[in-house]
A.B. asks: 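Below you will find the structure I want to go over with you.
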Amino acid sequence: MPPIVRRHPPAPVLVAIDGPAGAGKSTVAARLAARLGVPHIDTGAMYRAVALLALRDGLTPPLEGGAEARIGELMAAHSLDVEVGPEGTRVLIDGEEVSRELRSADCSLMASAVSALPAVRCALVPMQRRLGELHGGVMEGRDIGTVVLPDATLKVFLTASPEERARRRHRDLGGCGADTSLDAVREQQRQRDLQDTMRAESPLQVATGSVVVDTTGLELEEVVERLLGEVARVLDGGA
Ligand code: DC
């Protein structure tokens with residue numbers, strides 16, 4: 001009798017991209033996802049959505065004791081829908097599209113504060129895993145390689161010099177916020193870096209086995225080609 005061969009469909013490609021704000025994660029993740037034909041999953045948008053709930057409730061950073069319980073109530077009281085596709089991540093709160101509102105400077109600082117709360121991470125991490133398991137994807141954040149998808153096909157840590165990161169963020173904001181001078185952007189970045197790397201809960205760090213890419217002075221396509229090469233290498237058995 002011939003041996004029984006079980007053919008499993010190939011596991012979906014999952015790429016985890018972590019790194020500080022301004023390292024180029026979003027642009028690289030979007031382009032890489034398009035080239036691989038998988039969704040681009042922006043987990044920062046999910047923390048930003050929780051931040052928006054908190055801001056709308058009148059909370060301001062730094063968060064005092066008691067805020068975590070209140071934010072837990074807010075998450076329970078509102079529906080948070082995340083739609084992912086090759087064109088990016090859309091976030092809806094109670095059916096309202098809020099993707100644009102999530103980009104304000106206030107929301108950035110509040111997102112950094114709420115993302116340090118265990119209750120928030122406990123609620124969002126399983127949602128992120130499910131999104132990845134569904135169709136694969138290029139998922140970007142701060143703890144994707146360390147916590148959310150430690151078994152991703154490829155783990156990437158993107159970084160860039162603080163000055164270059166601030167310049168990129170300043171250019172991307174393009175005057176759509178209240179105080180978006182380069183100095184203000186640099187200062188906000190310093191505060192967020194400190195919060196994101198020093199927090200007790202899933203701090204930003206390089207996951208074991210990550211490919212580390214410093215994007216300072218590199219063109220987008222150079223980074224994407226390098227990562228496509230890494231994905232191909234892993235899928236070929238790591239040669
Ligand atoms: O990537 P971003 O700037 O949109 O993220 C917003 C905030 O959320 C940022 O301060 C870090 C935090 N974050 C996180 O803690 N874990 C993630 N997986 C994604 C974002």
Side-chain angles (χ1 to χ4, degrees), residues 14-30 33 40-55 61-63 68 71 75 80 82 84 88-91 98-132 137-150 152 155-160 162 165-166 168-173 176-177 180 185-207 210 215:
L14 272 173
V15 179
I17 302 189
D18 292 304
K25 294 189 303 292
S26 296
T27 341
V28 169
H40 165 208
I41 309 168
D42 172 9
T43 61
M46 298 164 77
Y47 289 96
R48 286 169 182 270
V50 175
L52 185 59
L53 281 179
L55 288 170
L63 296 172
E68 183 164 11
I71 291 171
M75 285 193 293
L80 189 68
V82 183
V84 298
T89 305
R90 283 179 76 221
V91 180
V98 291
S99 305
R100 207 180 141 67
E101 241 183 294
L102 301 185
R103 298 293 135 196
S104 73
D106 283 351
C107 213
S108 296
L109 272 185
M110 185 55 122
S112 186
V114 301
S115 66
L117 302 175
V120 175
R121 305 202 76 87
C122 282
L124 296 188
V125 166
M127 284 172 73
Q128 295 161 0
R129 280 200 189 113
R130 270 198 306 277
L131 284 170
V138 177
M139 190 181 293
E140 56 157 309
R142 303 294 189 286
D143 61 339
I144 309 306
T146 49
V147 176
V148 182
L149 305 172
K155 293 183 272 187
V156 181
F157 191 90
L158 282 191
T159 180
R165 290 165 46 214
R168 287 178 186 163
R169 174 104 185 111
H170 181 247
R171 184 199 54 209
D172 292 347
L173 282 172
C176 71
T180 52
V185 169
R186 207 183 279 118
E187 176 52 24
Q188 277 173 12
Q189 174 177 288
R190 197 189 60 76
Q191 282 181 38
R192 287 176 65 198
D193 281 356
L194 205 66
Q195 280 179 176
D196 295 346
T197 52
M198 302 305 286
R199 67 185 182 212
E201 198 70 25
S202 305
L204 172 65
Q205 53 188 349
V206 182
S210 294
T215 64

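Counting starts at 1 for both ligands and their atoms, following the listed order. The figures that follow rest on heavy atoms only: side chains count, while hydrogens, waters and symmetry mates do not. Position 1 is the first residue of the sequence, and the numbers go up from there.
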A.B. asks: Going by the atom numbers of ligand 1, which of them fall below 4.0 Å from some non-hydrogen atom of Ser112?
C.D. replies: 10 (O)
A.B. asks: Keeping the roles fixed (side chain from Arg165, backbone from Ala21), state whether a donor-acceptor pair exists under 3.5 Å.
C.D. replies: yes
A.B. asks: Could you work out, for atom 14 (C) of ligand 1, the closest of Gln191, Arg142, Arg169 by heavy-atom distance?
C.D. replies: Arg142
A.B. asks: Which atoms of ligand 1 are found less than 4.0 Å from any heavy atom of Asp196?
C.D. replies: 9 (C), 10 (O), 11 (C)
A.B. asks: Hey, looking at atom 7 (C) of ligand 1, which of Ala113, Pro203, Ala111, Ala51 has the closest heavy atom?
C.D. replies: Ala111
A.B. asks: So, the side chain of Ser99 versus the backbone of Val91: is there a donor-acceptor pair under 3.5 Å, distance only?
C.D. replies: yes
A.B. asks: Does Arg121 reach ligand 1, in the sense of a heavy atom lying below 4.0 Å from it?
C.D. replies: yes
A.B. asks: Please identify which atoms of ligand 1 are closer than 4.0 Å to at least one heavy atom of Arg192.
C.D. replies: 2 (P), 3 (O), 5 (O), 6 (C), 9 (C), 10 (O)
A.B. asks: Measure from the side-chain N and O atoms of Arg121 to the backbone N and O of Leu124, and report whether any donor-acceptor pair falls under 3.5 Å.
C.D. replies: no
A.B. asks: Do Glu140 and Ser26 get their side chains close enough for a donor-acceptor pair, meaning under 3.5 Å?
C.D. replies: yes
A.B. asks: Could you check atom 12 (C) of ligand 1 against the protein and tell me its nearest heavy-atom contact, residue, atom and distance included?
C.D. replies: Ser115 OG, 3.5 Å
A.B. asks: For the backbone of Val84 and the side chain of Thr89, can you confirm whether one donor and one acceptor N or O come within less than 3.5 Å of each other?
C.D. replies: no
A.B. asks: Whether the Arg142 and Ser115 side chains hold a donor-acceptor pair (N or O, under 3.5 Å, no angle test) is what I'd like checked.
C.D. replies: no
A.B. asks: What's the shortest distance from atom 4 (O) of ligand 1 to any protein heavy atom, and which residue and atom give it?
C.D. replies: Arg48 NE, 2.6 Å
A.B. asks: For Ile144, is there any backbone N or O sitting under 3.5 Å from a side-chain donor or acceptor partner on Asp18?
C.D. replies: yes
A.B. asks: Hey, does Thr43 come in under 3.5 Å of ligand 1, counting only N/O atoms on both sides?
C.D. replies: yes
A.B. asks: For the 3.5 Å polar cut-off, considering only N or O atoms, please tell me whether Glu140 and ligand 1 meet it.
C.D. replies: no
A.B. asks: With no hydrogens and no angle check, is any side-chain donor or acceptor of Thr197 less than 3.5 Å from a backbone partner on Leu204?
C.D. replies: no
A.B. asks: Could you identify the single nearest non-hydrogen protein atom to atom 18 (N) of ligand 1 and state the distance to 0.1 Å?
C.D. replies: Asp143 OD1, 2.8 Å
A.B. asks: Pairs of nitrogen or oxygen atoms closer than 3.5 Å, one from Arg199 and one from ligand 1: do any exist?
C.D. replies: yes
A.B. asks: What residue and heavy atom of the protein are closest to atom 8 (O) of ligand 1, and at what distance?
C.D. replies: Tyr47 CB, 3.6 Å
A.B. asks: Out of all atoms in ligand 1, which are within 4.0 Å of some heavy atom of Gly141? Include the element for each.
C.D. replies: 17 (C), 18 (N), 19 (C)
A.B. asks: Could you tell me whether a side-chain N or O of Arg186 sits under 3.5 Å from a main-chain N or O of Ala166, the two making a donor and an acceptor?
C.D. replies: no
A.B. asks: State whether the shortest distance between N or O atoms of Ser108 and N or O atoms of ligand 1 falls below 3.5 angstrom.
C.D. replies: no
A.B. asks: Kindly say whether Ala116 contributes a backbone atom to a donor-acceptor pair with the side chain of Arg199 at under 3.5 angstrom?
C.D. replies: no
A.B. asks: Using a 4.0 Å heavy-atom cut-off, say whether Met46 meets ligand 1 through its side chain, its backbone, both or neither.
C.D. replies: neither
